[in-house]
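One structure is given below, encoded as structure tokens.
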Amino acid sequence: IEDMKQGISKIRNPVIARVFRELGLIEQWGSGVRRIFREARELGLQEPEILEIGMRMRFSIYLAQDVSVDKATGTIGAQSWAQSGAQSEAVILALSNAHLSAAELARMLGLETKTGAFKRTVKELLDRGLIAYTVPDKPTSRLQKYRLTDEGQAVLDKVGGRHDK
């Protein structure tokens, strides 16, 4: 294991290794593990952990923030990354034409209720400054709606959306 940290590589499948090298997918033998440890150190992350279990290796890389993953469904929290990204895009697109309440947004996304995943998506978009409240001083107002910000419009423009107000 210490050899791996130093960049000493033990090739387990030479045919695959040669193909990866010829395709340019490998920079040089043994450079990846060293680079992972260096980048973790530079980012202030916990040092990666390498465990040898029988004839196998387990490589654990730690994130800056905890993320709960449901291993059975492959989801993060209550929704997958793909769902989250698609829902974010749908919210941004819906707000490109009108200011909408949370209930109106949920209906436009085909949801019967404001699900936890929907609420997380809206919060993330608010936190990222892509959408904003229409009544900023009263987030829980019954008149509250969401609007697309200039940053949100820029994201929409990048992905080829249109703004038709």
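The minimum heavy-atom distance between Gly152 and Ile92, with the atom names listed, is O-CG2, 4.0 Å. Taking every heavy atom of both residues into account, Leu109 and Ala90 meet most closely at CG-CB, 4.1 Å. Closest of all the heavy-atom pairs between Leu105 and Ala94 is CD2-CB, 3.9 Å.
Open room surrounds CG on Asp150; 12 or fewer heavy atoms of other groups in view lie less than 6.0 Å from it.
Through direct or indirect side-chain contacts shorter than 4.5 Å among Ile, Leu, Val, Met, Phe, Trp and Tyr, Leu43 is connected to Leu45.
If you take CD on Glu49 and CD1 on Ile61, they are separated by 11.5 Å, rounding to the nearest 0.5 Å. With rounding to the nearest 0.5 Å, the separation of CD1 in Ile50 from OG in Ser60 is 9.5 Å.
For the pair Arg38 and Glu42, the salt-bridge criterion is met [side-chain N within less than 4.0 Å of a carboxylate O].
Results of the side-chain contact (heavy atoms from CB on, under 4.5 Å) test with Leu125 over Leu130, Leu148, Thr149, Leu95 single out Leu130 as the only residue that passes.
The shortest side-chain heavy-atom distance between Arg120 and Glu124 does not fall under the 4.5 Å cut-off. Looking at heavy atoms from C-beta onward, Ile131 lies out of side-chain contact with Arg147 at the 4.5 angstrom threshold. In this structure, Leu100 and Tyr146 have side chains that are not in contact, with every pair of non-hydrogen atoms separated by 4.5 Å or more. Within the 4.5 Å cutoff, side-chain heavy atoms of Glu47 are placed close to those of Phe37.
For the residue pair Glu104/Ser101, the side-chain donor-acceptor check at 3.5 Å is satisfied.
Considering only residues two or more places apart in sequence or on other chains, Gln144 meets the side chain to side chain contact (heavy atoms under 4.5 Å, CB included) condition with Tyr133, Thr134, Val135, Ser141. Under the rule for a salt bridge (charged side-chain N to carboxylate O under 4.0 Å, His left out), Glu151 has no partner lying at least two apart in sequence or in another chain.
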